[in-house]
Amino acid sequence: MTALQFIFIFVAAITLISAILVVSIRKILHAALWLIVTLMGVAILYVLLEASFYAAVQILVYIGAIAIIIIFAIMLTRNIMGDEEKQANRGWGLVLISVMVFAVILISVIFSNPMINESLVELNTAGQENLIALGEGLLNPAGYALPFELASLLLLGALIGGVYIGMDLKGKETS
Amino acid sequence: MIPLSWFLVVAAALFSIGMFGAIVRKNAVVILISIELMLNAVNINLLAFWHYHTQKTGLLDLNGYVFPAIVIIAAAAEVAIGLAIIIAVHRLQKTVVASEVNQMKG
């Protein structure tokens with residue numbers, strides 16, 4: 001086993017264990033903190049896939065923004081649903097069994113394909129830089145300029161919608 | 001080096017864990033967190049296949065490299081709107097339990 005495989009197994013184990021803790025731990029704030037560990041593990045997996053740009057984006061967007069506003073939302077709403085209440089729906093054992101069956105089916109489908117055991121080797125793309133290609137592709141009208149601009153529109157819509165939905169309209173009318 | 005299947009197995013396990021959380025948990029915030037786990041699993045898959053395809057052809061495959069960015073943008077928009085809805089529901093109804101929000105039930 002090479003060092004890279006050892007690192008992969010270590011990181012994947014941390015990622016999956018903290019993901020299990022995210023969905024099973026009783027305290028919601030702790031779930032959000034374990035989510036940060038999971039996202040960090042996924043960022044390291046991106047590094048192992050030589051997608052360093054996405055590792056940086058993962059840390060900036062997921063850990064820096066999404067995890068933080070999730071923690072904000074938990075702190076704003078935690079006085080309603082105490083941590084000692086039951087956190088799982090009825091029949092969670094049945095869901096656990098069916099999700100495990102789903103996972104077994106997924107993994108057996110993965111291994112039914114012969115190309116799947118090929119190793120990922122270091123990329124040998126001489127003279128091509130990931131980031132430069134990505135930037136040119138995102139701004140090239142024949143490439144991804146339209147989805148890129150639409151994504152910025154989507155983010156603008158989400159921003160305005162988030163502010164509008166979160167605004168206290170009732171409180172404004174009474175004051 | 002690392003086989004392609006290892007990444008796919010990790011992604012499948014992460015997706016299943018996220019699906020379990022999204023179905024089982026009561027708190028709407030934890031449901032959103034579970035959806036984030038599922039989206040992360042999808043991104044691992046996309047980047048693993050991007051790497052595989054690039055090493056096969058020797059050319060940088062831009063299609064696979066752009067797609068995770070779109071997924072991340074969609075995830076950011078989704079979590080912003082989702083948390084705004086959760087906070088609005090919390091203000092109006094004093095609950096964050098997804099099954100208790102049932103005014104639109106027919």
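Below, chain A is the first sequence line, B the second, and so on; all start at residue 1. The basis for the numbers below is simple: all heavy atoms, side chains too, and nothing from hydrogens, waters or symmetry mates.
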Seminar exercise, completed: If one checks every heavy atom of V10(B) against chain A at 4.5 Å, the contacting part turns out to be both
Problem set entry | Atom group of F111(A) that falls short of 4.5 Å from chain B, counting heavy atoms | side chain
Problem set entry | Heavy-atom closest pair, residues I28(A) and R25(B) | CG1-NH2, 4.4 Å
Exercise. Can you tell me how far CD1 of I66(A) sits from CD of E36(B), rounded to the nearest 0.5 angstrom?
Worked result: 4.5 Å
Problem set entry | Region of A22(B) in contact with chain A, defined by heavy-atom distances below 4.5 Å | neither
Problem set entry | Test item: Y62(A) and N40(B) side chains (from C-beta on) under 4.5 Å apart, heavy atoms | yes
Seminar exercise, completed: Counting heavy-atom pairs under 4.5 angstrom with chain B, the leader among L49(A), L106(A), V99(A) is L49(A)
For this session: Nearest 0.5 Å please: distance from the CG atom of L60(B) over to the CG atom of L134(A).
Result: 10.0 Å
For this session: Using the side-chain hydrogen bond (donor to acceptor under 3.5 Å, both in side chains) rule, take N43(B) and Q58(A) through it: C-alpha gap first, then chi angles, then the decisive distance, then the call.
Result: CA-CA 10 Å; N43(B) 268 351; Q58(A) 174 89 359; 5.2 Å; no
Exercise. Given that the side chain runs from C-beta out, which part of F7(B) has a heavy atom under 4.5 Å from chain A: side chain, backbone, both or neither?
Worked result: both
For this session: Could you tell me which portion of I107(A) (side chain, backbone, both or neither) has an atom closer than 4.5 angstrom to a non-hydrogen atom of chain B?
Result: side chain
For this session: Quick one: pull up CG in L14(B) and CG in L16(A) and give me the separation to the nearest 0.5 Å.
Result: 6.0 Å
Exercise. Which region of I110(A), side chain (C-beta onward) or backbone (N, CA, C, O), has a non-hydrogen atom less than 4.5 Å from a non-hydrogen atom of chain B, or is it both or neither?
Worked result: side chain
For this session: Measure the shortest side-chain to side-chain distance between L37(B) and L39(A) over non-hydrogen atoms and say whether it is less than 4.5 angstrom.
Result: no
Exercise. Roughly how far, to the nearest 0.5 Å, is the OG1 atom of T77(A) from the CG atom of N27(B)?
Worked result: 6.0 Å
Exercise. Measuring heavy-atom distances to chain A, does V9(B) have an atom under 4.5 Å in its side chain, in its backbone, in both, or in neither?
Worked result: both
Seminar exercise, completed: When the 4.5 angstrom heavy-atom criterion is applied to L83(B) and chain A, the contacting part is side chain
Exercise. Out of curiosity, N63(B) CG to Y144(A) OH, how far, rounded to the nearest 0.5 Å?
Worked result: 3.0 Å
For this session: List for me each residue that meets side chain to side chain contact (heavy atoms under 4.5 Å, CB included) alongside E100(B), sequence neighbours excluded, and say none if there are none.
Result: T95(B), V97(B)
Exercise. Ignoring hydrogens and geometry, is there a side-chain-to-backbone donor-acceptor pair from Y54(A) to Y65(B) under 3.5 Å?
Worked result: yes
For this session: Mind checking the CD1-CE spacing from I87(B) to M167(A)? Nearest 0.5 Å is all I need.
Result: 14.0 Å
For this session: Check whether any side-chain heavy atom of V24(B) lies under 4.5 Å from a side-chain heavy atom of V23(A), and answer yes or no.
Result: no
For this session: State, yes or no, whether a side-chain contact exists between I20(A) and F20(B) at a heavy-atom distance under 4.5 Å.
Result: no
Problem set entry | For V104(A), side chain to side chain contact (heavy atoms under 4.5 Å, CB included) partners two or more places apart | none
Exercise. If you tally heavy-atom pairs under 4.5 Å against chain B, which of A51(A), A12(A), A65(A), A103(A) wins?
Worked result: A51(A)
